[in-house]
Each structure stands twice: as C-alpha cells, then as structure tokens.
Colleague: 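Could you have a look at this structure, given as structure tokens, before my questions?
These numbers come from a predicted model, not from an experiment. Each ligand, and each atom within it, is numbered from 1 in the order the structure gives.
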Amino acid sequence: MNSTKHFSVVIIGAGPAGIGAAIALYKRGVKSVALVERSDKIGGIPSLYKKKKGGVRTFIRWSRGGIPFFGEDYAHWLGEQLSKTDVQLWLQSQVIEIEAKENRITLVNPDEGRVSLTAAAIIMACGSREETASERGWLTGARPMRVFFTKQLLQLIDGNGLLPMRNPVIIGSDLIAYAAAAKLKVAGAADAIIVDNRRRPKCSYFERLYFRRWSQPNFRGVAAKSVEVVGSKTASGIRLSREDELIPCDGIVLCGELIPNSELALQGNLKVELPSRKPVVGRDSQLSEPGWFAAGNILGGFHGAEWCYFNGRRVARAVINHLSQSS
Ligand SMILES: Cc1cc2nc3c(=O)[nH]c(=O)nc-3n(C[C@H](O)[C@H](O)[C@H](O)COP(=O)(O)OP(=O)(O)OC[C@H]3O[C@@H](n4cnc5c(N)ncnc54)[C@H](O)[C@@H]3O)c2cc1C
C-alpha cells in the first residue's frame with residue numbers, strides 16, 4: 001500500500017513558477033509546504049541552458065532593467081532563494097496521478113516507490129512543452145536524421161559540446177527560435193534561415209534586436225499551406241510546396257508553439273479548455289475544483305521565466321486567502 005503524507009500546500013514542478021510560489025508561501029508564514037519535482041535538479045527549463053564563456057544569455061530579467069542571464073545562473077539564483085526556506089523538496093519524484101476531489105497526488109520516486117501526498121491546497125506548476133509545426137499539420141515529409149526539437153539541440157550544444165549542423169533551417173519564429181539561431185551561430189554554424197507560416201516573426205522586435213549581436217537569421221514568412229522536409233537519410237532541405245522552392249540545409253530545428261503540460265489536470269478531471277489545453281481558471285485563481293491552483297506556463301501562452309516566477313508569487317497569495325477561508 002502507498003504511504004500517505006499530509007502538507008498544508010503541495011506544489012507540482014520546481015521551475016520558476018513553482019519556486020516563486022514556494023518562496024512566497026514561506027515568506028508569508030505558511031508552514032509545511034512540499035515542492036515536488038520529477039527531475040534530479042530544480043530550475044525547470046532555465047536549468048537546461050548552460051553557462052558558457054562567450055555564450056548566449058537568453059533569459060532576460062526585465063525587473064532588473066532588462067539584464068540578460070544564462071538560464072543556468074537564473075536556476076542557480078532560484079535555488080539560492082529556495083535554500084533560505086524550510087520548504088520540503090522532493091526531487092526525482094514524478095507525479096503520476098491526481099485525485100482532485102480528495103486533494104491528493106500520487107508520485108513515484110526511487111527511494112520510496114509510490115507515495116501519496118494530500119494538502120489543503122495544491123498548485124500545478126508543470127510548465128509547457130513545444131507543439132511542433134508537424135503536430136499542427138504544417139510540416140510534412142519524412143523525419144530523416146538531423147531533424148531536432150529545440151530541447152534536443154540544447155542538449156547537443158550545451159550538454160555535449162556538439163554542433164549537429166552547419167547550415168540550419170529553423171521552423172517557427174518565436175523567442176526560442178531566435179535563441180536557437182544565436183546558439184547555433186556561436187557554436188560555429190552559419191546564420192539560420194527561419195521559416196514560419198506568418199508574415200512577420202513571432203519574436204518581438206526588441207527581442208530580435210537583442211539577439212542580433214550574435215546572429216542575424218534570415219526570416220522567410222511562407223504563405224504555403226504546408227512545407228516539406230526533404231532528404232532520405234539526413235535532412236537536406238525544406239520545400240516550400242506552393243512556391244516549389246527548395247531551401248537547402250544540413251539540419252532542421254523544430255520550434256513550436258508552447259502548449260500547457262496539462263495532462264495531469266485532464267487525468268484528474270479538472271476542467272481544461274480544448275484544443276488550447278489551458279486549465280480553466282476562476283477569478284480567485286482556483287481551477288475547477290476548490291483548493292487547486294495553477295501557475296506559470298501551464299496557464300498557456302509564451303511567458304519568460306521571470307513572468308512565471310512572479311506569477312507563482314501572485315498565485316501563492318490566492319492560496320493563502322483560500323487557506324485562511326477554509327481554516
Ligand atoms: C524549449 C524551451 C526553450 C525556452 N527558452 C527560453 C529562453 O531562451 N528564454 C526565456 O526567457 N524563456 C524561454 N523559455 C520559456 C521559459 O523556460 C519558461 O517561461 C519558464 O521556464 C516557465 O516556468 P514554469 O515554472 O512555468 O515551467 P518549467 O520551467 O517548464 O518548469 C516546470 C517544472 O515542472 C516539472 N514537472 C512537470 N511535470 C511534472 C510531474 N508530473 N511531476 C513532477 N514534476 C513535473 C518539470 O520537470 C519542470 O522542472 C523556453 C521554454 C521552452 C519550453
């Protein structure tokens with residue numbers, strides 16, 4: 001049988017939003033908070049962006065006058081703030097099930113196996129993932145070698161010091177795409193060609209201006225209904241089907257829209273908007289069951305890490321209201 005432990009508040013996900021919430025709860029005197037993270041380290045997505053001499057600082061702290069950070073440094077700063085609290089950190093603990101009406105989550109971890117946690121309030125801060133152009137049906141063709149998601153590219157360049165392509169094409173045009181173009185250029189590739197089915201890049205003018213010091217990618221807005229990956233063994237180009245034009249390359253990066261990691265919410269019968277997958281949030285920041293909250297990128301849209309950190313803090317205030325009303 002599972003063991004069950006009780007807390008005042010349980011937070012799922014130790015990215016910027018979950019940590020922001022944990023720190024705010026501690027500062028406002030809430031005792032007995034558990035922060036549950038499936039990875040073996042805290043920090044969420046920023047922790048994947050390694051610090052490198054001459055590297056690209058892709059995390060911008062607008063509250064500090066727009067100072068750019070390496071993701072790893074940002075995650076380190078979050079860790080320092082968290083270490084000053086008495087929040088109980090559960091690393092390598094993947095939440096596999098939630099029971100919304102019972103305010104219960106079940107996790108698995110290597111030391112204790114299956115464990116259930118119950119709490120007066122639960123915050124879902126599970127982040128988001130990329131929905132690629134192919135999921136949206138815009139990118140067709142086979143998937144030969146050298147077609148990567150942004151996360152895989154990060155792992156190769158920052159994690160293993162490898163450069164998987166020299167003449168890249170990037171599909172998608174938000175901040176992540178421009179950050180990937182800059183990273184590739186710094187690692188030794190040519191300026192990327194960025195392709196998207198919109199007239200202007202999704203990345204804002206100021207963000208593009210920021211990345212210009214490292215790379216000046218060429219944006220191609222394509223009106224075609226779909227574009228096709230070309231190449232039998234390895235990717236050798238992108239065919240813009242309506243114009244029948246081929247953009248040659250030796251590697252493709254797929255950057256997609258971010259969609260909420262709301263699988264747990266769906267599994268637990270919390271209300272989720274479809275097809276956007278955003279959890280439905282009421283005016284008091286609660287989800288469709290009382291005592292359940294969401295913070296950070298799980299709420300949908302693209303937000304930088306700092307927005308998520310402050311959103312976590314804001315949601316913590318709503319949690320405190322809920323705790324005071326229910327006690
Ligand atoms: C590929 C990618 C690249 C990005 N690049 C940039 C960039 O260069 N600059 C920038 O400003 N922003 C970037 N962003 C956006 C930025 O990372 C986010 O705004 C921010 O990290 C979101 O914070 P969060 O806490 O909501 O989610 P996340 O940082 O995603 O953290 C969520 C945490 O929840 C954990 N988790 C999820 N499910 C479970 C579960 N079932 N059980 C336990 N733990 C779980 C995850 O392991 C993760 O640690 C990027 C996002 C993505 C997806």
Side-chain angles (χ1 to χ4, degrees), residues 10-22 34-50 55-62 66-72 74-75 78-79 89-98 105-109 115 117 122-132 148-155 158 172 174-183 203-204 207 210-211 253-268 279 294-313 315:
V10 166
I11 304 166
I12 309 173
I19 294 177
L35 179 58
V36 181
E37 169 56 49
R38 66 181 166 197
S39 158
D40 59 357
K41 58 177 190 259
I42 61 154
I45 293 284
S47 67
L48 304 175
Y49 283 75
K50 301 285 176 222
V56 187
R57 295 161 195 258
T58 60
F59 285 80
I60 302 165
R61 295 201 59 195
W62 300 107
I67 296 178
F69 270 71
F70 286 106
E72 199 175 33
Y74 189 75
L78 290 173
L89 186 57
W90 291 62
L91 288 177
Q92 290 185 284
S93 301
Q94 164 117 22
V95 178
I96 52 165
E97 198 177 288
I98 66 170
I105 68 165
T106 301
L107 59 86
V108 282
N109 81 15
V115 184
L117 308 185
I122 297 176
I123 305 176
M124 305 190 79
C126 315
S128 54
R129 67 179 176 86
E130 288 172 285
E131 182 187 50
T132 63
F148 301 99
F149 296 109
T150 328
K151 259 190 171 176
Q152 295 168 312
L153 183 76
L154 268 180
Q155 186 57 42
D158 278 359
D174 61 14
L175 179 141
I176 302 176
Y178 279 80
K183 269 194 171 295
C203 185
S204 76
E207 286 163 341
Y210 170 71
F211 285 116
V253 183
L254 306 176
C255 290
E257 310 270 325
L258 292 185
I259 55 165
N261 268 335
S262 49
E263 284 76 12
L264 277 176
L266 278 166
Q267 171 271 312
N297 265 358
I298 191 175
L299 294 169
F302 180 89
H303 302 290
E306 191 167 57
W307 185 93
C308 294
Y309 172 75
F310 283 108
N311 180 252
R313 296 183 64 141
V315 169

Colleague: Which ligand 1 atoms, with their elements, are less than 4.0 angstrom from a heavy-atom of Gly15?
Modeller: 25 (O), 31 (O), 33 (C)
Colleague: Is the contact between Leu264 and ligand 1 made by the side chain, the backbone, both, or neither, using heavy atoms and a 4.0 Å cut-off?
Modeller: side chain
Colleague: Out of Ala75, Gly127, Ala14, Ala17, whose heavy atom is nearest to atom 27 (O) of ligand 1?
Modeller: Gly127
Colleague: Give the contacting part of Ile96 toward ligand 1: side chain, backbone, both or neither, where contact means a heavy-atom distance below 4.0 Å.
Modeller: neither
Colleague: How far is atom 20 (C) of ligand 1 from its nearest protein heavy atom, and which residue and atom is that?
Modeller: Ala305 CA, 3.9 Å
Colleague: Record the part of Cys126 in heavy-atom contact with ligand 1 below 4.0 Å; permitted values are side chain, backbone, both and neither.
Modeller: both
Colleague: As an exercise, identify every atom of ligand 1 less than 4.0 angstrom from a heavy atom of Gly296.
Modeller: 26 (O)
Colleague: What protein heavy atom sits nearest atom 1 (C) of ligand 1, and how far off is it?
Modeller: Glu130 OE1, 3.7 Å
Colleague: With heavy-atom distances below 4.5 Å as the criterion, would you say the side chains of Thr58 and Tyr178 are in contact?
Modeller: no
Colleague: Testing Phe59, Phe69, Phe70 for ring-ring contact (aromatic ring centres under 6.0 Å, His included) with Tyr49, which one passes?
Modeller: Phe59
Colleague: When you measure from atom 32 (C) of ligand 1 to each heavy atom in Gly312, Ala125, Gly13, which option holds the nearest one?
Modeller: Ala125
Colleague: Taking all heavy atoms of Met124 and all of Ile98, pick out the closest pair and write down the distance.
Modeller: CE-CD1, 4.3 Å
Colleague: Could I get the full list of ring pair (Phe, Tyr, Trp, His ring centres under 6.0 Å) partners for Tyr210, not counting sequence neighbours?
Modeller: Trp214
Colleague: Please report the closest heavy-atom contact between Gly43 and Ile19, naming both atoms and the distance.
Modeller: N-CD1, 4.1 Å
Colleague: Measure the distance from atom 23 (O) of ligand 1 to every protein heavy atom, then report the residue, atom name and distance (to 0.1 Å) of the closest one.
Modeller: Pro16 CD, 3.4 Å
Colleague: Quick one: does Val36's side chain get under 4.5 Å of Val10's, heavy atoms only?
Modeller: yes
Colleague: Run the numbers for me: atoms of ligand 1, each under 4.0 Å from some heavy atom of Ile176, listed by number.
Modeller: 2 (C), 3 (C), 4 (C), 5 (N), 50 (C), 51 (C), 52 (C)
Colleague: Do Leu89 and Leu35 have side-chain heavy atoms sitting under 4.5 Å apart?
Modeller: yes
Colleague: From atom 18 (C) of ligand 1, work out which of Ile105, Thr150, Asn297 has a heavy atom at the shortest distance.
Modeller: Asn297
Colleague: Would you say the side chain of His303 lies within less than 4.5 Å of the side chain of Leu258, judging by non-hydrogen atoms?
Modeller: no
Colleague: Using a 4.0 Å cut-off to any heavy atom of Leu258, which atoms of ligand 1 qualify?
Modeller: 53 (C)
Colleague: Can you check side-chain contact (heavy atoms from CB on, under 4.5 Å) on Leu91 and Asp40, steps first, answer last?
Modeller: CA-CA 5 Å; Leu91 288 177; Asp40 59 357; 5.5 Å; no
Colleague: Would you confirm whether Asp158, through its side chain, and Lys50, through its main-chain N or O, come within 3.5 Å as a donor-acceptor pair?
Modeller: yes
Colleague: Starting from atom 33 (C) of ligand 1, locate the nearest protein heavy atom and write down its residue, its atom name and how far away it is, to 0.1 Å.
Modeller: Glu37 OE1, 3.7 Å
Colleague: With distance as the sole test, does Glu37 use its side chain to make a donor-acceptor pair with the main-chain N or O of Ala14 at under 3.5 Å?
Modeller: yes
Colleague: Can you tell me if Ser93 has a non-hydrogen atom under 4.0 Å from ligand 1?
Modeller: yes
Colleague: Go through ligand 1 atom by atom and flag the ones less than 4.0 Å from a non-hydrogen atom of Thr58.
Modeller: 7 (C), 8 (O), 9 (N), 10 (C), 11 (O)
Colleague: Is NZ or CZ of Arg61 both nearer than 6.0 Å to the six-membered ring centre of Tyr74 and within 45° of the ring axis?
Modeller: no
Colleague: I need the nearest protein heavy-atom contact for atom 21 (O) of ligand 1: residue, atom name and distance, please.
Modeller: Pro46 CD, 3.4 Å
Colleague: Within the side chain of Ser47, is there an N or O that forms a donor-acceptor pair under 3.5 Å with the backbone of Ile45?
Modeller: no
Colleague: Just by modelled atom types, is the Gly296 backbone N or O under 3.5 Å from a matching donor or acceptor in the Asn311 side chain?
Modeller: yes
Colleague: Name the closest protein heavy atom to atom 44 (N) of ligand 1, giving the residue it belongs to and the distance to 0.1 Å.
Modeller: Arg38 N, 3.1 Å
Colleague: Relative to ligand 1, is His303 under 4.0 angstrom through side chain, backbone, both or neither, heavy atoms considered?
Modeller: backbone
Colleague: Students should be able to answer this: which protein heavy-atom is nearest to atom 11 (O) of ligand 1, and at what distance?
Modeller: Phe59 CD2, 3.5 Å
Colleague: Give yes if a backbone or side-chain nitrogen or oxygen of Ile45 is under 3.5 Å from a nitrogen or oxygen of ligand 1, and no if not.
Modeller: yes
Colleague: Give me the nearest non-hydrogen protein atom to atom 40 (C) of ligand 1 as residue plus atom name, then the distance to 0.1 Å.
Modeller: Val95 N, 3.9 Å
Colleague: Any atom of ligand 1 sitting under 4.0 Å from a heavy atom of Tyr49?
Modeller: yes
Colleague: Would you call Arg38 and Val95 a side-chain contact if the rule is heavy atoms closer than 4.5 Å?
Modeller: no
Colleague: Take every heavy atom of Leu175, measure it against each atom of ligand 1, and state whether any distance is under 4.0 Å.
Modeller: yes
Colleague: Quick check: Asn261 and ligand 1, any N/O pair under 3.5 Å apart?
Modeller: no
